[in-house]
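Written below as structure tokens is the structure these notes are about.
None of the values given here were measured: they were computed from a predicted structure. Numbering of ligands and ligand atoms starts at 1, following listing order.
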Amino acid sequence: MATTKKTKKPKTRSEKIRTGLAVDTLKRAFVDNLVYTQCRFPQFATPHDYYVALAYTVRDRMVHRFMKGVETYLKEDLRLVCYLSAEFLLGPHLGNNLINLGIYEDVDKAVKKELGLDLQKLLDQEEEPGLGNGGLGRLAACYLDSLATLEIPTIGYGIRYEFGIFDQVIHDGWQVEITDKWLRYGNPWEVPRADITFDVPMGGHTEGYYDHDGQYRVRWVPHRLVRGIAYDTPILGYRVNTCNILRLWRAEACESFDFQAFNVGDYYGAVEEKVFSENLTKVLYPNDEQLQGKRLRLEQQYFFVSCSLQDMLRIHLSRGESPDTFHHKFAVQLNDTHPAVGVAELMRLLVDEHQLDWDRAWHITRKTFAYTNHTLLPEALEKWPLQLFGSLLPRHLEIIYEINQLFLDEVRVRYPDDGQKLSRMSLIDESDGKYVRMANLACVGSHAINGVAELHTNLLKETVLRDFFEFMPDMFSNKTNGVTPRRFMVLSNPRLSKLITSKIGDGWIKHLEELNKLEQFADDPAFQKKWRQVKLENKRDLATLIRERTAIEVSPESMFDILVKRLHEYKRQHLSVLHIVSLYNRIRQNPEVAIRPRTFIFGGKAAPGYFMAKLIIKLITSVGEVVNNDPQVADRLKVVFFPDFNVKNAQPIYSAADLSEQISMAGKEASGTGNMKFAMNGALTIGTLDGANVEIREEVGPDNFFLFGLTAEEVFDLKSKGHNPAEYYHANTELREAIDLIGSGHFSQGDRDLFKPLVDSLVYNDEYMLLADYHSYIDCQERVSQAYLEQDHWTRMSILNVARMGKFSSDRSMREYCEEIWKVKPFPINLEEPTE
Ligand code: NBG
């Protein structure tokens, strides 16, 4: 072989490191991935190919950190946080990971210079994993980001749905659901772990027997087994080396089972079993705040909880520990009641599989679990028909009976003559058919219970969980929700982030309370001007998106008044519609009336079976159709329904808002988190005293918040006195005219029937008291319009809102959970330079 005897320049250190972050190293890895991982010729590669190559490049760097972490955790004696959630609404990974790794700018430049590509275009290629419905799933995702950033060893456990939340398209003004095929082109972020699988039993019956020591035990003889396979997604913290994982389970048939059928010649039987088992993790139930008592849903819950607990026990034993110390090494959070069956499952694993005695197992179980409640809506409280529960989980039902008996014995000691209390606290509901109550199971099996905002926690103590609060008050606490500023400011609003950083440095990204340093600039005219410029440019971007998605032209000079969240009657999207129709009526009655231009932007999905919610979407689009095209309106009002509200679409929407609508009936929204995202991006809030609005107003100050409506207490009073919506309808001309215009068919081409169910529900029932709050809402909107006229003052309020949002970082929430519930401390990972 010919050798050239030239002395080569010695390699720089960054070149030598395969997973290094130097631009050259990244470039080399990027091209390597394109060619060797994906088999693409660079000259024919599509933007999607480039996106995937970049994703693998980034993932490598995360995996490197993850492996270092595992190594460290195995050596150290640490307690692991396990966040159990049936939903994780992650949003696209690439941009966030580039930011957390600290290479966003470098990669942006490199991609442009070397390939002539726009990084944004690559980011746009990513299909987001929509493995959640709304706030609850997104909260879980924000919490994972914060836990990694706080350097807390964590595993998120959930379900790898093949189809996540449906894609929403609007046809003829109606919502149409399209299957979410997010895995169609593969998923470069996940690592399938064929080596981590567990069998999950289901159905069948139980048998008693005596073990070697003559001890009576119970054995579960299941009807079938489903196998769970782990898929890991790395979750990297911001500018730290902690890279946790989200472990999602996919269901498969167990070989042992189909082989049996195969051997007796039943090939189709075996295949059917396979298809049947794999159905388990096919699809996310698209209901938010609404229980659907379907067997498959219970199967999903049990499946992922069993896999996760078996996995924790595996990890625990592999560290040389015994089941007896499980609670010292694991803190397991139940994200709502969806994983609450875990209480019975851990008991089963400890008692039946690991032969612990009942009392010890119960002690361990209660020390392990903690439970977060996310709703006060009665229709969302999970309960399972006894029959269904027992046929799927016969052993768990026995365990629950046993837990219940021991628990009720304790209650009886405290309240000897209160039969009603006993029946309310029982894990079994016998009032109307028989049900297993999952919230009661979660409470009894946990050592800590929390709500998600001050008001919500107080209402929990007074209403749904009152008996439990009276019985064990020390277990209750509040943990107000938060959101991650990495995704919802740094990534989604780069203009604002740069402006803030130029004034106060970038410490706020990890310590959001530092935003308060902005207060000193609230009145600075030059800063105000830049602040307004940022908002205007964000609004221009959103106007372009709106044109692309809906063909509606909106003016970035108008006020962007935005209401985005799941559709639900309690969230009262139709209250905003009544406001729009009232303004429209004013114009019809007097075309010259002074109305400051506003663009009303709505977005959100309705549960496919929720008729009223879907009708509200149709109402919004119908009102838009008429108002947007009425020459008399002359572009003063525009109404947009932005289709397919998801994490990806949410990001440019929050950044572009002037006004954030948080108008639920007081006492119904547990917290809300969109309210925080808007305020962090400089929108002012118009809202009721509901959920975290109360605390947002407290933080930003009443002068910088547009408050209206009944308080939760007033709502309860009015309800108990008997409330008559027709009174408001008759007493308020503008309200009546707005409702009548909708009822007259004006927005439905003369069809008076279309919106009748909505109109009737308002006038004759109005469960969510829109009419009672209408007057106060319209008045408040007047104040908003007046305030918007004074741009300097508005800008000052906007700056103060951002400056005072420190509390609402999910870092703060997670710190509280760590200190007060999980008793865990940060553990930094030391990333030594690897050698080749
Ligand atoms: C939702 C509440 C929201 C809250 C999120 C996150 C459920 C059951 N609850 O108000 O409606 O912000 O949880 O806590 O989805």
Going by the atom numbers of ligand 1, which of them fall below 4.0 Å from some non-hydrogen atom of Tyr570?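 Ligand 1 atoms under the 4.0 Å threshold to Tyr570: 11 (O).
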Contact atoms of ligand 1, heavy-atom distance to Ala670 under 4.0 Å: 10 (O)
Tell me whether the count of non-hydrogen atoms from other residues, nucleotides or ligands lying under 6.0 Å of CZ in Arg295 goes above 12. yes
Within the structure, does [X] bring an N/O atom to less than 3.5 angstrom of an N/O atom in ligand 1?
X      : result
Ser671 : yes
Lys571 : no
His374 : yes

For [X] and [Y], I'd like to know if the aromatic rings sit close, meaning centre-to-centre distance below 6.0 Å.
X      : Y      : result
His579 : Tyr774 : no
Tyr143 : Tyr817 : yes
Tyr777 : Phe708 : yes
Phe304 : His338 : no

Write out the residue and atom name of the closest protein heavy atom to [atom], then the distance separating them to 0.1 Å.
atom                    : answer
atom 15 (O) of ligand 1 : Leu136 CB, 3.6 Å
atom 3 (C) of ligand 1  : Glu669 OE2, 3.4 Å
atom 11 (O) of ligand 1 : Glu289 OE2, 2.2 Å

For atom 4 (C) of ligand 1, the option (of Gly672, Gly135, Gly451, Gly132) bearing the nearest heavy atom: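 It is Gly672 that holds the nearest heavy atom.
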Reference residue Glu695; test salt bridge (Lys or Arg N to Asp or Glu O under 4.0 Å); the match among Lys479, Arg804, Lys807: Lys807
Can Arg572 and Asp773 be counted as an ion pair, charged N to O under 4.0 angstrom?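 A salt bridge links Arg572 with Asp773.
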Just heavy atoms, cut-off under 4.0 Å: does Asn481 contact ligand 1 by side chain, backbone, both, or neither?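 Under 4.0 Å from ligand 1, Asn481 contributes side-chain atoms alone.
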